[in-house]
Amino acid sequence: PSPRPGAPPRRGGGQGGRGGGKGGGGGEEAPHRKHDMKEKIFLAPTWCDFCGGILVGSGYLCKGPCGKKCHLALGKDTENCHASLMQEVCEAGCAATKDQRGKYRFGDVTKQVARDIKSRIKDQVVALGVQEQRELGKFDKVREVTNEIRRLYNQDVVLRRLYLLQVGTLVCIYVAIYAFVLFFAWPLHGP
């Protein structure tokens with residue numbers, strides 16, 4: 001998803017040498033600071049700094065300099081606020097201001113609680129599915145097939161076969177056109 005208005009840039013820059021980088025900013029970007037997200041229970045409703053939706057119950061709070069808060073997963077019109085926020089740079093002073101926050105509407109808390117329940121159910125289903133596939137050995141079979149494909153795949157051989165296929169197709173088209181002309185045009189014009 002595209003970053004929301006007012007979101008910090010995904011790439012650092014500007015203040016050369018920031019973050020212990022080498023040199024005085026001679027074209028090098030400063031290293032990015034990752035978010036230090038910890039799960040937290042929000043007893044009083046607040047706002048998600050990514051999607052702007054109401055945040056109540058379980059969520060994440062960054063212990064880094066930004067102090068951003070976000071939903072566990074599903075947010076307002078967002079598939080995964082936490083994953084999207086983790087792609088942004090953690091910088092001081094980049095949390096949402098009052099202008100960027102969403103507006104509360106009746107039923108927002110109930111909708112968010114339902115989204116949180118749906119997220120937890122989805123996570124449990126995925127975890128159980130992965131566990132079941134491991135028990136059945138499906139991942140081992142996928143790994144074996146992938147290794148076999150890598151073993152059989154030889155780029156030179158594949159390219160040679162593609163070239164031969166192209167030449168064969170061109171010859172077939174030429175023969176078909178020649179036969180068509182002979183069959184239909186020859187009787188009209190004679191020998």
Side-chain angles (χ1 to χ4, degrees), residues 1-14 26-32 34-35 37 48-53 60 70-90 94 96 100 102-103 105 107-108 111-112 114-191:
S2 61
R4 62 180 168 69
R10 292 181 188 242
R11 296 272 176 197
E28 294 181 18
E29 292 184 12
H32 301 299
K34 294 180 181 178
H35 289 282
M37 302 301 263
C48 175
D49 289 321
F50 185 79
C51 72
Y60 284 105
C70 70
H71 296 105
L72 283 175
L74 291 172
K76 180 180 176 184
D77 301 325
T78 305
E79 179 65 30
N80 195 331
C81 289
H82 179 240
S84 299
L85 189 61
M86 292 299 287
Q87 295 175 9
E88 293 182 0
V89 179
C90 182
C94 63
Q100 295 169 334
K103 301 203 187 240
R105 291 188 183 157
D108 281 352
K111 288 177 186 174
Q112 189 54 50
R115 286 192 290 259
D116 288 345
I117 291 170
K118 182 178 178 182
S119 293
R120 291 199 186 266
I121 290 171
K122 184 174 94 173
D123 291 344
Q124 287 179 350
V125 168
V126 168
L128 287 173
V130 168
Q131 179 185 357
E132 181 180 299
Q133 295 301 317
R134 282 195 178 125
E135 289 171 2
L136 293 173
K138 295 282 184 171
F139 291 124
D140 295 334
K141 291 178 184 176
V142 168
R143 190 176 301 116
E144 288 173 15
V145 169
T146 304
N147 289 337
E148 184 68 16
I149 289 171
R150 285 183 182 149
R151 188 182 69 76
L152 293 175
Y153 179 77
N154 182 345
Q155 188 170 2
D156 294 333
V157 172
V158 170
L159 287 176
R160 238 181 276 132
R161 289 180 181 164
L162 285 174
Y163 291 143
L164 286 174
L165 180 66
Q166 286 178 332
V167 168
T169 303
L170 289 174
V171 168
C172 289
I173 290 172
Y174 177 76
V175 168
I177 291 173
Y178 185 75
F180 180 78
V181 168
L182 280 178
F183 184 71
F184 287 106
W186 190 267
L188 295 175
H189 298 290

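When reading the values below, keep in mind they use all heavy atoms of this one structure, side chains included, and skip hydrogens, waters and symmetry mates.
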Taking side chain to side chain donor-acceptor pair (under 3.5 Å) as the test, write out the residues that go with Asp123, two or more places apart.
none

Only counting residues at least two apart or in another chain, list the ones meeting salt bridge (charged side-chain N to carboxylate O under 4.0 Å, His left out) with Arg120.
Glu39

State, to 0.1 Å, how close Ser84 and Phe50 come at their nearest heavy-atom pair, and which atoms those are.
CB-CZ, 3.2 Å

Suppose we screen for side chain to side chain donor-acceptor pair (under 3.5 Å). Which residues come up paired with Glu148, at least two apart in sequence or across chains?
Arg151

Kindly compute the distance separating NE2 (His71) from CG (Leu85), expressed to the nearest 0.5 Å.
11.5 Å

Rounded distance (nearest 0.5 Å) linking atom OG1 of Thr146 with atom CD of Glu144:
10.0 Å

Can you give me the closest heavy-atom contact between Asn80 and Leu72, atom names plus distance?
OD1-O, 3.9 Å

Using a 3.5 Å distance criterion without hydrogens, assess whether the side chain of His82 forms a donor-acceptor pair with backbone atoms of Cys70.
no

Test side-chain contact (heavy atoms from CB on, under 4.5 Å) applied to Leu165 - qualifying residues, sequence neighbours left out:
Thr169

Got a sec, which residues hit side-chain contact (heavy atoms from CB on, under 4.5 Å) with Gln131, two or more places apart in sequence or on another chain?
Leu128, Glu135

Out of curiosity, Leu170 CG to Tyr174 OH, how far, rounded to the nearest 0.5 Å?
12.5 Å

Under the ring-ring contact (aromatic ring centres under 6.0 Å, His included) test, residues paired with Tyr178 that sit two or more places apart:
none

